[in-house]
> 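Sharing a structure with you now.
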Amino acid sequence: MIQIPQIAGIEIDPGDWANTPASIQTLVGYLMAENQELKDRLSRIEEQLRQNSQNSSKPPSQDGFQKKGFTVQEKSTKKRGGQPGHGGHAIKFYDLSAEDVSVDHRPTICLNCGEALAGNDGEPFRHQILELPQLRPLITEHRLHRLDCEHCGTSTRSKLPETVGASQYGERLTAAVAILSSENYQSHSKVKTLLHRLFGIDISIASVNRLRNEMSNAIKFPVQDAHHYVKGVPVVHSDETSFNQSNADGKNPGRTKGWLWTVVSAGVVIFEVALSRAKTVAQGLISPEFSGIMVSDRYRGYEWLDASQRQLRWAHIKRDLTAMTEQSGVSQEIGTALLNIQKTLFEDWYQVGGGTLSRKDFQARVGTLQALFKRELTEAVTLLSSPKEKSPLAKTLGTCKELLKWESSLWTFAHHPGVEPTNNAAEQARSDLL
């Protein structure tokens with residue numbers, strides 16, 4: 001006999017169930033299982049539809065116009081341009097160089113009586129027009145002459161001086177290619193097009209790649225110095241994001257997705273594009289012997305660091321807790337309780353920054369909040385690990401387990417001056433680059 005089904009709000013008499021035909025019992029069991037499966041599927045779909053930049057890893061650009069809290073702004077009644085009382089923006093005048101042109105305009109007759117005018121105005125009204133110079137490459141042509149010896153008849157051609165490179169392209173042009181390719185994020189073909197349109201320089205994609213490699217080799221030692229410096233700093237911020245990496249340099253024949261790694265310290269910012277997101281890349285950036293504190297997200301590539309060396313980014317924690325509160329039932333209760341603790345934590349933290357709360361008092365409050373946060377996570381994991389709980393709560397359970405695993409790394413900033421509970425530095429550096 002099939003076990004008596006458990007339906008919320010409905011009590012089934014054991015005697016009635018025992019007298020129910022076996023085929024009907026089987027049908028009821030099948031329908032209940034199918035109903036649960038549909039509920040689980042609907043829950044997953046609703047969760048996907050609710051995802052935005054506040055509760056998931058989606059960027060704000062994908063939030064659309066229907067995100068929570070969106071309001072349509074009424075049309076302003078103000079006229080365009082500067083408003084009454086606005087200080088205005090003073091026109092900037094540039095100092096003239098030898099290549100610039102100054103044109104004086106003098107009136108010839110008096111506007112009032114018509115008499116002839118002469119002389120100079122000590123402080124004439126100034127009006128400057130800025131224009132780009134005509135852009136063309138500056139060419140230095142080295143002519144290697146071949147001369148015949150009148151004594152023996154041997155033909156000898158001169159050689160380039162050691163200070164002149166064999167490349168057709170100079171240092172400033174090479175630097176421009178590097179800047180366009182890195183800071184301005186231009187592809188090989190776009191660099192080629194820009195050089196042709198702006199300067200009239202015709203260059204092949206292969207030459208663009210060669211110049212990029214030349215610049216990489218030229219700055220190899222400063223980059224090594226930067227890596228060495230980062231290994232010894234007390235605090236670094238790290239982040240990694242997907243990066244479109246083609247095979248223009250021949251080092252990515254499989255056209256694998258690349259990753260842009262960012263490491264930010266007080267004095268140096270390091271960017272590195274790698275074809276892997278493995279922990280070996282992170283170790284190569286800051287060294288396995290790194291003894292400072294890293295501020296990052298919960299990515300597993302940083303788990304080789306001790307928990308005491310990590311400060312997890314609270315923005316990601318808040319995002320996950322917000323997603324819980326948008327569920328129903330137990331998930332919502334757990335998320336709300338944890339999110340309230342997070343809110344109190346940052347209210348206190350902002351008081352520290354504003355000078356209205358001492359760090360010593362803040363640390364005492366953090367001890368209480370940390371114990372409460374850990375207790376809520378522990379109770380949540382115990383509750384959700386019950387055999388009665390099904391898949392709709394699986395994501396909540398997984399998040400709580402993950403947070404409990406790295407719980408001690410949430411509070412590092414409270415005990416180490418200079419450590420922030422966010423990873424804004426790394427994200428801002430990456431945004432400036434891209």
> Got Asp320 and Arg298 here, is their nearest side-chain heavy-atom distance under 4.5 Å?
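Answer yes - side chains close enough.
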> Of all the heavy-atom pairs spanning Val177 and Ser181, show the shortest one and how long it is.
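The pair with the smallest heavy-atom distance is O-OG, 2.8 Å.
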> For Arg310, what residues pass the salt bridge (Lys or Arg N to Asp or Glu O under 4.0 Å) criterion, not counting sequence neighbours?
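Once residues adjacent in sequence are excluded, Arg310 has no partner under the salt bridge (Lys or Arg N to Asp or Glu O under 4.0 Å) criterion.
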> What residues form a salt bridge (Lys or Arg N to Asp or Glu O under 4.0 Å) with Glu347, not counting sequence neighbours?
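By the salt bridge (Lys or Arg N to Asp or Glu O under 4.0 Å) rule, Glu347 matches no residue at all.
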> Any heavy-atom pair between the side chains of Tyr94 and Gln128 that's under 4.5 Å?
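A side-chain contact under 4.5 Å exists here.
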> Do the rings of Trp349 and Phe362 sit parallel, tilted or perpendicular, given the 30° and 60° boundaries?
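Ring orientation of Trp349 relative to Phe362: tilted.
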> Are Thr241 and Thr262 close enough that some pair of their side-chain heavy atoms sits under 4.5 Å apart?
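Of all side-chain heavy-atom pairs linking Thr262 with Thr241, none is under 4.5 Å.
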> Enumerate, atom names and distances included, each donor-acceptor pair closer than 3.5 Å involving a side-chain atom of residues 98-108, sequence neighbours excluded.
from   : atom 1 : to     : atom 2 : distance (Å)
Glu99  : OE1    : Ser97  : OG     : 3.2
Asp100 : OD2    : Ser97  : N      : 2.7
Asp100 : OD2    : Ser97  : OG     : 3.0
Arg106 : NE     : Asn120 : OD1    : 2.8
Arg106 : NH2    : Asn120 : OD1    : 2.7

> Is there a donor-acceptor pair closer than 3.5 Å between any side-chain N or O of Gln332 and the backbone N or O of Thr325?
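Yes.
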> Who passes side-chain contact (heavy atoms from CB on, under 4.5 Å) against Thr154, sequence neighbours left out?
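By the side-chain contact (heavy atoms from CB on, under 4.5 Å) rule, Thr154 matches Cys152, Thr156.
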> Do the side chains of Tyr302 and Lys279 get nearer than 4.5 Å, heavy atoms only?
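In short, these two side chains do not touch, never coming nearer than 4.5 Å.
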> Output yes when a side-chain donor or acceptor of Asp121 lies under 3.5 Å from a complementary backbone atom of Glu123, and no otherwise.
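A pair under 3.5 Å: yes.
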> Tell me, please, which residues at least two apart from Gln224 pass side-chain hydrogen bond (donor to acceptor under 3.5 Å, both in side chains).
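Checked Gln224 against side-chain hydrogen bond (donor to acceptor under 3.5 Å, both in side chains); zero matches.
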> Is it true that a side-chain atom of Gln311 and a backbone atom of Leu410 form a donor plus acceptor pair closer than 3.5 Å?
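Confirmed, Gln311 side chain pairs with Leu410 backbone.
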> If we only count heavy atoms from C-beta on, is the Trp259 to Val273 side-chain gap below 4.5 Å?
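Answer no - side chains too far apart.
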> So, does Asp297 use its side chain to make a donor-acceptor pair with the main chain of Asp239 at under 3.5 Å?
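Flag not set: sc Asp297 to bb Asp239 has no pair under 3.5 Å.
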> I need the full list of salt bridge (charged side-chain N to carboxylate O under 4.0 Å, His left out) pairs touching residues 190-200, with sequence neighbours left out, sorted by first then second residue.
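The answer is none; no pair qualifies.
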> Taking the side chain from Gln309 and the backbone from Ile293, do they hold a donor-acceptor pair closer than 3.5 Å?
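Absent.
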> Between Trp314 and Phe373, is the ring centroid distance below 6.0 Å?
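They qualify: ring centres under 6.0 Å apart.
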> List for me each residue that meets side-chain contact (heavy atoms from CB on, under 4.5 Å) alongside Val268, sequence neighbours excluded, and say none if there are none.
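Expected list: Ala226, Tyr229, Val230, Ser265, Ile270.
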> Contact between His196 and Ile201 at the side-chain level, heavy atoms closer than 4.5 Å - yes or no?
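Side chain of His196 against side chain of Ile201, heavy atoms only: no contact under 4.5 Å found.
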> Check salt bridge (Lys or Arg N to Asp or Glu O under 4.0 Å) between Lys405 and all other residues, then give those that pass, not counting sequence neighbours.
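Residues passing salt bridge (Lys or Arg N to Asp or Glu O under 4.0 Å) with Lys405: Glu303.
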> Sort and list the pairs that fulfil salt bridge (charged side-chain N to carboxylate O under 4.0 Å, His left out) and have at least one residue in residues 136-154, not counting sequence neighbours.
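Residue pairs passing salt bridge (charged side-chain N to carboxylate O under 4.0 Å, His left out), neighbours aside: Glu141-Arg143.
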> Any idea which heavy atoms bring Val236 and Phe290 closest together, and the distance?
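Looks like CG2-CZ, 3.8 Å.
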> My understanding is that only residues two or more places apart in sequence, or in another chain, count here; which of them pass side-chain contact (heavy atoms from CB on, under 4.5 Å) with Lys374?
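Listed in chain order: Thr378, Leu404, Glu407.
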> For residues Ile334 and Ala380, report the shortest heavy-atom separation together with the two atoms involved.
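The answer is CD1-CB, 3.6 Å.
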> What pair of heavy atoms forms the shortest contact from Asn209 to His188, and how long is it?
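That would be OD1-NE2, 3.2 Å.
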> Look only at the side chain of Ser331 and the backbone of Gln327, and say whether a donor-acceptor pair between them is shorter than 3.5 Å.
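Checked: no pair found.
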> Quick one: side chain to side chain donor-acceptor pair (under 3.5 Å) pairs with a partner in residues 157-180, sequence neighbours left out?
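Matches after skipping sequence neighbours: none remain.
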> Taking only residues two or more places apart in sequence, or in another chain, which ones meet Asp361 in a side-chain hydrogen bond (donor to acceptor under 3.5 Å, both in side chains)?
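With neighbours one apart ignored, the set is Ser358.
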> Are Phe346 and Pro421 side-chain neighbours, meaning at least one heavy-atom pair lies under 4.5 Å?
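A side-chain contact exists here, since the closest heavy-atom pair is under 4.5 Å.
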> Checking the side chain of Thr356 only, and the main-chain atoms of Gln351 only, is there a donor and an acceptor separated by less than 3.5 Å?
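Yes: the side chain of Thr356 pairs with the backbone of Gln351.
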> With the side chain counted from C-beta on, respond yes when Gln363 and His415 share a heavy-atom pair under 4.5 Å apart, and no when they do not.
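Heavy-atom side-chain distance check passes, below 4.5 Å.
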> Nearest heavy-atom pair of Trp304 and Pro288: which atoms, and what distance?
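Here Trp304 and Pro288 meet closest at CZ3-CA, 3.7 Å.
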> Among side-chain atoms of Ser207 and Ser204, is any donor-acceptor pair under 3.5 angstrom?
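Present: a donor and an acceptor within the cut-off.
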> Would you name the heavy atoms of Ala307 and Thr412 that are closest together and state the gap between them?
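Between these two residues, the closest heavy atoms are O-OG1, 4.4 Å.
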